[in-house]
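Everything on this sheet refers to the single structure shown next.
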Amino acid sequence: MGGSLRGDEPESAMPSVDAKAGRLNQSVCKWCYNGMSLDELASHAQSMGLVGIDLLGPADFPTLKKHGLVCTMVGSHSLTNGLCDTKYHDEALEKMADAIAATSAEGWRNVICFSGNARGIDRKVGMKNCVDALRKIVPVAEAANVTLQMELLNSKVDHADYMCDNSEWGVELVKQVASDNFKLLYDIYHMQIMEGDIIRTIEKNHPYYGHYHTAGNPGRHELDDTQELFYPPIARAIADIGYQGYFAHEFIPAGDPLKGLRSAVAQCTV
Ligand SMILES: O=C(O)C(=O)CO
């Protein structure tokens, strides 16, 4: 690990980083860099050794390819209007099918999906509704060699009423769907808020987790020493498992965005 934990040195003092020197395929989420064009972020990502950028759509693919990057997680349907509520199935399934087709056409791997908000729906009923929807779309994903990944999000701070807010519920859903093409996106920040015990949980549940997101907690900012998560051993535990998927940074920079990203990449180059 060559990175500063504070990420607040002058640019000239920052060590150069090359994520490709480590075992994790690192990526970054575009929405955290709204002040920067995709072209600019892609250029920096490429120079830091990242393999791609998360949460984009087909209109962004040419820019990624220009920089030799992939879309490590393709967007699909609404986060709040999701699969736990049958009212949103038609719309979500159509968007997921479109995203699977676009992802597969590039030979890429991942499409995101969400449980959505409960709106009074019981967790058991919500699980059955998710299973019913996923059983319709998973064969499409299997044929396309794409994995659907349902994100685990916190319902305490950022996404009140979101149903897939803990590993136990999410893992049970993956077991019921029973396809290698449906997994969970384990967001380390969100799950630190909901359940903590990050490394042990990853070691226990890793076959069910197909993608990871990072951020500091509390605050969802840089992976620095103002927050409580220590990322080098978390990254090492994921790499030690032999994880071959993507590991995407998803923190909202409070300071210089590129310094924060460079520091995060360095800490997770393990
Ligand atoms: O919207 C969020 O909070 C997310 O983590 C999306 O990946």
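Order of appearance sets the numbers: ligands from 1, and atoms from 1 within every ligand. This is a predicted model, so every value here is computed, not measured.
Criterion: ILVMFWY side-chain heavy atoms under 4.5 Å apart, direct or through other members. Under it, V51 and L56 are part of a common hydrophobic cluster. There is no path of hydrophobic side-chain contacts, each under 4.5 Å, that joins Y88 to L153.
Taking atom 2 (C) of ligand 1 as the reference point, the nearest protein heavy-atom neighbour is H159 NE2, 3.3 Å.
With a 4.0 Å heavy-atom cut-off, ligand 1 is reached by the side chain of L153 but not by its N, CA, C or O. Only the side chain of R220 comes within 4.0 Å of ligand 1, judged by heavy-atom distances. At a heavy-atom distance under 4.0 Å, only side-chain atoms of L79, from C-beta outward, approach ligand 1. Of all the heavy atoms of D158, none lies under 4.0 Å from any atom of ligand 1, so neither backbone nor side chain is involved.
Each of the following atoms of ligand 1 lies closer than 4.0 Å to a heavy atom of H213: 7 (O). Shown in contact with D187 at under 4.0 Å from a heavy atom are these atoms of ligand 1, numbered in order with element: 5 (O). With ligand atoms numbered from 1 in the order given, ligand 1 contributes 4 (C), 5 (O), 6 (C), 7 (O) to contacts under 4.0 Å with heavy atoms of E151.
In this structure, L55 counts as a contact residue of ligand 1, since one of its heavy atoms falls inside 4.0 Å of the ligand.
Side-chain polar atoms of N205 and R200 form no donor-acceptor pair below 3.5 angstrom. Inspection of the H221 and Q227 side chains reveals no N or O donor paired with an N or O acceptor under 3.5 Å. If you check the side chains of E151 and H211, you find no donor sitting under 3.5 Å from an acceptor.
Atom 7 (O) of ligand 1 has its nearest heavy-atom neighbour, among H190, H211, E250, in E250.
Side-chain atoms of H67 do not come within 3.5 Å of backbone N or O of K65 as any donor-acceptor pair.
Ring pair F247/Y212 is tilted by interplanar angle, where 30° to 60° counts as tilted.
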